[in-house]
Amino acid sequence: MTDEIAKQYNPKDTEDKWYKFWEESNLFLAKPDPKKKPYTIVIPPPNVTGILHMGHALNNTIQDILIRYQRMQGFNTLWMPGTDHAGIATQNVVEKSLAKVGLKRQDLGRDKFIQRVWSWKEEYGSTIIRQLKKLGTSCDWSRLRFTMDEEYSKAVMEAFVRLYNKGLIYRGSYIINWCPRCQTALSDEEAAHHSLQGNLYYLKYPLKENPNKFVIVATTRPETMLGDTAVAVNPKDKRYKLLIGKKLNLPLVNREIAIIGDNMVDTKFGTGAVKVTPAHDPNDYALGKKHNLEFINVLRADGSMNELAGDYQNMDRFKAREAILEDLKKQGLLEKVEAHELSAGHCYRCHTIVEPYLSKQWFVKMKPLAKGAIDAVKKGKVNFYPKRWSKVYLNWMENIRDWCISRQIWWGHRIPVYYCNKCNETIVSAAKPQNCPKCKSNDLRQDEDVLDTWFSSWLWPFATFYWPNESKDLKYFYPTATLVTAPEIIFFWVARMIMAGLEFQKDIPFKDVYIHGTVRDIEGKKMSKSLGNIIDPLEIINEYGTDALRFSLISITAQGQDVFLSKERFEQGRNFANKIWNASRFILMNLDSTMIKTDLCQFLKKEELTLVNRWILSRFYSTLKETKKNLDNYQFNEAANTLYAFFWHEFCDWYLEIIKHDIKNAHNQLVMYKILDKFLRAMHPFMPFITEEIWQKLATQTSSIMLSSYPHIQEKIIDKKTEKTFSEALEIITTIRNMRMELDIPVQANNLGAKIFTTSKAKKAMLESVSGQIMNLARLNKLEIFVDFKETKGEFVNVLRDLHISIPLTGVIDIAKHEEKLSMKIQKVESEIKAKEGMLAKKDFLQRAPRDIVENEIEKLKNLKSEVQKLKGVKDGLR
RNA sequence: GGGCUCAUAGCUCAGUUGGUUAGAGCGUUGCGUUGACAUCGCAAAGGUCAGAGGUUCAAGUCCUCUUGGGCCCACCA
C-alpha cells in the first residue's frame with residue numbers, strides 16, 4: 001500500500017484535516033428518521049464568556065465517546081450544541097471593558113449597553129465553540145443554539161407566563177442574597193457558603209428604665225445593629241424571663257426597642273439574647289413578621305450605609321463595622337470580642353460576601369414542581385451514575401425552597417411583566433400588550449428586572465427544539481438519552497431540568513445522568529486561574545495531540561471520581577497514539593492487498609485457523625466484550641484501559657512479534673488486518689483522529705470510520721481454552737528468557753536448545769502445538785518435549801508449575817544465588833499449600849462453598865504439591 | 001449539625017453482584033537498537049490493601065467504630 005508513513009505519529013497532520021472532512025461531509029448532522037432509534041445528548045451549554053478548561057475537556061470527551069459509540073452502533077444520534085448567555089458573568093465582562101474607557105453601563109443606557117453586549121458576543125462568543133471543535137466533538141453544529149436567540153427567548157417567556165398563570169410565580173418582599181458588587185439578587189444556590197474566620201462581638205444595650213443595666217447581645221455583623229428593632233430572648237430562659245416587654249435603648253442611634261420572647265432563641269448560644277434586625281437577616285425577618293416589628297433597612301444596594309445609618313451614612317458596610325465598634329468601645333458598650341468561625345455566602349460570580357437583603361423580587365414556587373421530579377428519580381425513570389448522587393438530589397429536592405428568579409442586571413431575558421402607569425394593573429404576557437386590559441391606557445412600563453440565567457437553561461432539553469412549537473424534532477429526539485455533567489450543577493441545572501421537563505413536556509428530559517468528577521491539580525486543588533495551577537487543554541493538544549489528551553483524561557477517570565492531573569499524564573496518551581501508529585505502519589508495510597478482501601467468516605468455513613490466530617482473535621473478542629460492557633455502564637476508564645492493554649501488550653508485544661517471522665502466511669495476513677480494522681473501530685470513540693487517519697490508509701468500504709459499524713461480538717470465536725493454552729506458552733517463553741538472562745546467554749545467539757518435561761501425553765501434544773512460537777520468541781534453535789523428567793548432568797533446570805524446563809549449562813552459574821531463589825520459591829509455594837490445606841480441612845468450606853470453587857481448590861493444591869516437589873528436586877540436584 | 005467521598009507498590013490511581021498468585025501508568029534497577037515504534041523492547045525489584053472489631057466456609061471488596069484528608073448541604077445570631 002503506502003510506504004511513506006512517518007516513523008512518528010504527528011497529530012497536527014491529521015486532526016484539523018479530518019475534522020474539516022467530517023464537518024463538510026455532514027457526518028455530525030442528525031435528522032429524524034422513524035426507521036432508526038434516536039440517541040440524543042444535549043450539551044451543557046458553556047458560557048459565551050467561557051474558554052476551554054480541563055473540566056470542559058473531560059465533560060465533552062465523555063459525551064463525544066457516547067455519541068460516537070452509539071452512532072456506530074446504528075442509533076440516530078444527535079448531539080445538540082449551544083452556548084449560554086450567562087447573564088451576570090457576561091455583563092461583568094462587558095462592564096469591565098467599559099470601565100477601561102471610564103464608562104459605566106448607566107452612561108450608555110440600557111438599550112445601548114445591551115447592544116454592546118451583543119456585539120461582544122458576536123466577536124468573542126464563539127471562542128469556546130471553536131475550542132470544542134479542537135477536541136473533536138461531533139456535535140450537530142447546524143443546530144447551534146444560544147439561550148438569548150429569538151426562538152429560545154420565546155420559550156423562556158412562555159415558561160414564565162405558564163407558571164405565572166398556574167400561580168407558581170409570585171412577586172414579594174423577602175430577604176434574599178444580595179451581591180453588593182454585582183448589585184443584584186442571587187438565588188440560594190448562587191450564594192456559595194464558605195467558612196471564614198470572624199469574630200463574635202458582644203454588645204451592651206442599656207435598659208431604658210435603668211441605663212446602668214444592660215442586656216448583652218452577641219453578633220457577627222455589628223453594623224446591622226443600626227437596623228435593630230428588638231432583642232429576643234427565650235421565654236424559658238430564667239435570666240431574661242422578667243425582662244420580656246421591657247424597653248432597651250439602642251446605642252448610637254438612641255432608638256427605643258423592645259425585648260421580646262420567642263422559642264426560636266437558643267439559650268446556649270452567645271448570651272442567650274439576640275439582637276433582631278428584620279431587614280438584614282432571614283431569621284430576624286421571620287421574627288419581625290411574627291412579632292410585627294419594624295423593618296429598617298440601613299444598607300444601599302452597593303453595600304454602603306444609607307441615610308438611616310446616621311453618622312455612618314455612606315460608609316462601606318465593613319468600614320462602618322469598624323467605626324461602630326470603635327464608638328461602642330468608647331462608650332463602654334463593647335463587652336468583649338471572641339474569635340468565631342462563621343460561614344458566609346459568597347457571590348458565585350465575583351466571590352464578594354453577599355448580604356442578606358430585604359427586597360422585592362420574583363420567585364418560583366418550587367414544592368409543586370419538585371413532587372414529580374422526586375418521583376421520577378425514586379421510580380428509576382431518571383438514573384444517576386454513580387448512583388449516590390440520587391441521594392444528594394433527593395435530599396435537596398425534598399427540602400427545596402422557592403427560587404428567586406429576578407436579577408437587577410440588564411443582560412438577560414427581561415421579565416415579561418408590565419405595569420399600567422395609570423391604574424397600576426400588573427399584566428403578564430409573553431408579548432408586549434398594546435394597552436391595559438383594565439383601564440385601556442397605553443401607558444405601560446415593563447418590569448426592569450431580567451431572569452436568572454438558569455431560568456432559561458432549565459428549558460434546554462426542549463427549548464433547543466423550538467418548544468413550545470410541537471416540532472418533529474422535539475417529538476423524535478425528546479426525551480434525550482444521557483446528560484453528562486459535573487456535580488456542582490446538580491442543583492443549578494440538572495434538578496431544575498427534570499422539573500421543567502415534567503412540567504412543560506410532561507416527560508423526563510433524560511434517562512441517565514452521568515456525573516463525572518472534578519478535574520484537580522496533582523495536589524488535589526481545584527484548577528483555577530487565581531491559583532495558577534491550570535493545565536490548558538489547548539496547550540496539551542498542541543503538544544501531544546487531541547487523541548492523547550482524550551485518551552489520557554479518560555483512562556484516569558474512574559466513574560464519578562475526581563481526576564488528579566499533572567502534565568506528564570498526557571505522555572501516556574501520546575505514547576499510545578504513537579504505538580497504534582507504528583503497529584499500523586508495520587501492518588500496512590507488510591500487508592498483501594489481495595488478502596484484505598477475504599471475508600473472515602468465509603475463510604473460517606474452509607480452514608481452521610492456526611493456534612496463534614485463534615488465540616488473538618479470541619482475545620480480541622473477549623476484549624471487545626469487556627469494552628462494550630464497560631461503555632454501557634459508563635465505565636470509560638475501564639473501557640479505554642482494556643483496549644489499551646489488549647492492543648499494546650497482547651497484539652503488539654506478543655502477536656505481532658510472533659507472526660513477524662511468517663508474515664506472508666495467509667492466516668496471519670488475514671487476522672492481523674481484521675484485528676487492526678476492528679480495533680480501530682472499537683477505539684474510534686476514544687481517539688477519533690488517529691483512527692480515522694489509519695482507517696483511510698487501509699482499503700476501506702466506507703468513506704469514513706465514522707460511518708462504519710462498531711464491531712459486533714462474535715461469541716463463537718471466543719475460546720477460553722485456547723486463551724489458556726496460549727498464555728501458558730507465553731509463560732514458558734518468559735521463563736526461558738529469564739533463564740538465559742541468568743546464564744548471560746546473549747539473545748542474538750540463536751544456538752540454544754531447550755527441553756520441556758511434562759507429565760502427560762496430552763500436555764505434551766498441547767505444548768508441541770505451540771513449540772514453534774516458543775522457539776521463535778525464546779530464540780531457540782531446538783525444542784524437545786518429553787513426558788517424564790529425567791535429570792541430566794550439565795543442565796540448568798527450572799520449574800514452572802508442573803513443568804521442568806532445562807537448557808544446557810554453559811559457562812559458570814552462581815549456584816548459591818540460584819539455590820536461594822529456589823528456596824524462596826519453595827517457601828512461598830509451601831505457605832500457599834499450608835493455606836490451601838487449612839481451607840480444605842474445614843468441613844464448612846467443603847459443605848457450603850460452591851462445588852466448582854472447592855474442586856478448583858483441590859486441583860490447585862495438587863498442582864502446588866507437585867510443583868514444590870519438583871522445585872526441591874531441582875534444588876537438590878544443584879550440588 | 002446532616003450527608004457524601006477517599007486512604008491499595010516510591011508517586012498517581014484501577015480493582016461493580018465477596019471466591020485463582022491484588023493490577024496499570026509513571027518512577028527505580030539490569031539487559032537490549034543493522035528496517036513498526038527509544039514516544040521502543042526484554043526482564044526484575046517493590047504491597048501487614050489506614051487501624052480495630054464484626055458478618056461469612058471465604059473480606060481489598062459487606063457491616064460497625066477509630067484515625068487522617070477532600071467535598072457538599074444547613075437561616076448556630
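Per chain, numbering begins at 1; letters A, B, ... match sequence-line order.
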Review point. Is there a donor N/O on one and an acceptor N/O on the other, under 3.5 Å, for the side chain of A:K660 and the base of B:A36?
Key: yes
Exercise for review: Counting heavy atoms from C-beta on, name the nucleotide in B:G30, B:A14, B:G19 closest to the side chain of A:M839.
Suggested key: B:G19
Review point. How about A:L549 and A:M54: do any of their side-chain heavy atoms sit closer than 4.5 Å?
Key: yes
Check your understanding: Between A:H649 and B:G25, is there a side-chain N or O to OP1/OP2 distance below 4.0 Å?
Key -> yes
Practice item. Return the value, rounded to whole Å, for the distance between atom CD1 of A:I690 and atom C1' of B:C37. Key: 12 Å
Check your understanding: How do A:L864 and A:L200 order along RNA chain B: which one's closest nucleotide is nearer the 5' end?
Key -> A:L864
Check your understanding: To the nearest Å, how far apart are A:I658 CD1 and B:A36 P?
Key -> 16 Å
Review point. Is the closest side-chain heavy-atom distance between A:P11 and A:T546 below 4.5 Å?
Key: no
Practice item. Could you give the distance separating B:G30 and B:C71 at their C1' atoms, to the nearest angstrom? Key: 45 Å
Practice item. Tell me which nucleotide among B:G19, B:A14, B:U21 gets nearest to the side chain of A:E832. Key: B:U21
**Study point:** Nearest to side-chain heavy atoms of A:K842, which nucleotide of B:A58, B:G15, B:A36
**Key:** B:A58
Exercise for review: Validate the cation-pi geometry between A:K660 and A:F586: distance from NZ or CZ to the six-membered ring centre under 6.0 Å, angle to the ring axis within 45°.
Suggested key: yes
Point to revise | Partner set under salt bridge (charged side-chain N to carboxylate O under 4.0 Å, His left out) for A:E693, not counting sequence neighbours | key: A:K17, A:K697
Review point. Which of these nucleotides, B:A36, B:U39, B:C72, is closest to any side-chain atom of A:L656?
Key: B:A36
Exercise for review: Find the distance A:W654:CH2 to B:A36:C1' and express it as a whole number of Å.
Suggested key: 18 Å
Practice item. Name the closest nucleotide to the A:N738 side chain, picking from B:A14, B:C37, B:A44. Key: B:A44
Check your understanding: Would you say A:N668's side chain and A:K664's backbone share a donor-acceptor pair under 3.5 angstrom?
Key -> no
Point to revise | Whole angstrom value for the distance that separates C1' of B:A38 from CZ of A:R574 | key: 11 Å
Practice item. Check the distance between B:C26's P and A:Y644's OH and give it to me in whole angstrom. Key: 6 Å
Check your understanding: Looking at A:K836, does any N or O in its side chain come under 4.0 Å of the phosphate oxygens OP1/OP2 on B:U20?
Key -> no
Practice item. Give one of base, sugar-phosphate or nothing for A:A218, where a contact means two heavy atoms less than 4.0 Å apart. Key: base
Exercise for review: Please state how far atom CD1 in A:I556 lies from atom C1' in B:G15, giving the value in whole angstrom units.
Suggested key: 17 Å
**Study point:** Nearest-nucleotide pick for A:K860, side chain only, options being B:A77, B:A36, B:U20
**Key:** B:U20
Check your understanding: Taking atom C1' in both B:C4 and B:U21, what distance in whole Å separates the two?
Key -> 35 Å
**Study point:** Whether over 12 other heavy atoms sit under 6.0 Å from A:K843 NZ
**Key:** no
Check your understanding: What are the two closest non-hydrogen atoms of A:P278 and A:G227, and how far apart are they?
Key -> CD-O, 4.1 Å
Point to revise | Salt-bridge criterion met for A:K828 and A:E867 (N-O under 4.0 Å) | key: no
Practice item. In whole angstrom, give me the gap between the P atoms of B:U48 and B:C11. Key: 13 Å
Review point. With a 4.0 Å cut-off on heavy atoms, is A:R401 in touch with a base, just the backbone sugar-phosphate, or nothing at all?
Key: sugar-phosphate
Exercise for review: Quick one: label A:E568 by what it contacts on the DNA or RNA (base, sugar-phosphate, nothing), any heavy atom closer than 4.0 Å.
Suggested key: nothing
Check your understanding: How far does the C1' atom of B:A74 sit from the matching atom of B:G19, given to the nearest Å?
Key -> 44 Å
Check your understanding: Base, sugar-phosphate, or nothing for A:F491, non-hydrogen atoms under 4.0 angstrom?
Key -> sugar-phosphate
**Study point:** Check: A:F686 ring centroid to A:F576 ring centroid under 6.0 Å
**Key:** no
Practice item. Output yes when a side-chain donor or acceptor of A:H516 lies under 3.5 Å from a complementary backbone atom of A:Y514, and no otherwise. Key: no
Strictly under 3.5 Å: I want the nitrogen or oxygen pairs between protein and nucleotides 1-4 of chain B, one per line.
| from | atom 1 | to | atom 2 | distance (Å) |
| --- | --- | --- | --- | --- |
| B:C4 | OP1 | A:K391 | NZ | 3.2 |

**Study point:** B:C76 OP1/OP2 closer than 4.0 Å to side-chain N/O of A:H340
**Key:** no
Check your understanding: What does A:N590 touch in the nucleic acid at a heavy-atom separation under 4.0 angstrom: a base, only the sugar-phosphate, or nothing?
Key -> nothing
Review point. So, is A:W648 close to the B:G41 phosphate, meaning a side-chain N or O under 4.0 Å from OP1 or OP2?
Key: yes
Review point. Roughly how far apart, to the nearest Å, are B:A22 and B:G46 at atom P?
Key: 13 Å
Review point. Heavy atoms under 4.0 Å, any strand shown: does A:T734 hit a base, just sugar-phosphate, or nothing?
Key: sugar-phosphate
Exercise for review: Check every strand shown and say whether A:N856 touches a base, only sugar-phosphate, or nothing at a heavy-atom separation below 4.0 Å.
Suggested key: nothing
Review point. Are the side chain of A:D547 and the backbone N or O of A:F689 linked by a donor-acceptor pair below 3.5 Å?
Key: yes
Point to revise | Rounded interatomic separation in angstrom, taking NE2 from A:H193 and C1' from B:A74 | key: 8 Å
**Study point:** Presence of donor-acceptor pair under 3.5 Å, side chain of A:K7 and base of B:C37
**Key:** no
Review point. Hey, does A:K387 reach any base, or is it just sugar-phosphate, or nothing, if we go heavy atoms under 4.0 Å?
Key: nothing
Practice item. Using the P atom on both, measure B:U17 against B:U67 and round to a whole Å. Key: 31 Å
**Study point:** Main-chain N/O of A:T271 paired to A:R239 side chain as donor or acceptor, under 3.5 Å
**Key:** yes
Exercise for review: Determine the contact category for A:P487: base if any of its heavy atoms lies under 4.0 Å from a base atom, sugar-phosphate if only primed atoms, P, OP1 or OP2 are that close, otherwise nothing.
Suggested key: nothing
Exercise for review: Taking atom C1' in both B:U39 and B:A44, compute the distance separating them and give it to the nearest angstrom.
Suggested key: 23 Å
Exercise for review: Answer with base, sugar-phosphate or nothing: what part of the nucleic acid does A:E657 contact at a heavy-atom distance below 4.0 Å?
Suggested key: base
**Study point:** Closest to the A:T220 side chain, choosing from B:C42, B:A77, B:U5
**Key:** B:A77
Check your understanding: When we call it a touch if two heavy atoms are under 4.0 Å apart, what does A:V265 touch: a base, just sugar-phosphate, or nothing?
Key -> base
Review point. B:U20, B:A36, B:C37: which one has an atom nearest the side-chain heavy atoms of A:N578?
Key: B:C37
Practice item. Starting at atom CG of A:N641, determine the distance to atom P of B:G15, rounded to an integer number of angstrom. Key: 10 Å
Practice item. Could you tell me whether A:R569 contacts a base, only the sugar-phosphate backbone, or nothing, with contacts defined as non-hydrogen atoms closer than 4.0 Å? Key: base
**Study point:** For RNA chain B, stems built from three or more consecutive Watson-Crick or G-U wobble pairs below 3.5 Å
**Key:** B:1-7 with B:67-73, B:10-13 with B:23-26, B:28-32 with B:40-44, B:50-54 with B:62-66
Practice item. Consider the side chain of A:F269, meaning its heavy atoms from C-beta on, and name the nucleotide among B:G25, B:C76, B:A44 that approaches it most closely. Key: B:C76
Check your understanding: If you pin A:P282 and A:E571 to their nearest nucleotides in RNA chain B, which one's is more 5'?
Key -> A:E571
Exercise for review: Report the nucleotide, chosen from B:C76, B:U39, B:C37, that has the shortest atom-to-atom distance to any side-chain atom of A:N575.
Suggested key: B:U39
Check your understanding: Are the side chain of A:D262 and the backbone of A:M264 linked by a donor-acceptor contact shorter than 3.5 Å?
Key -> yes
Practice item. Please find out if less than 6.0 Å separates the ring center of A:F651 from that of A:F679. Key: no
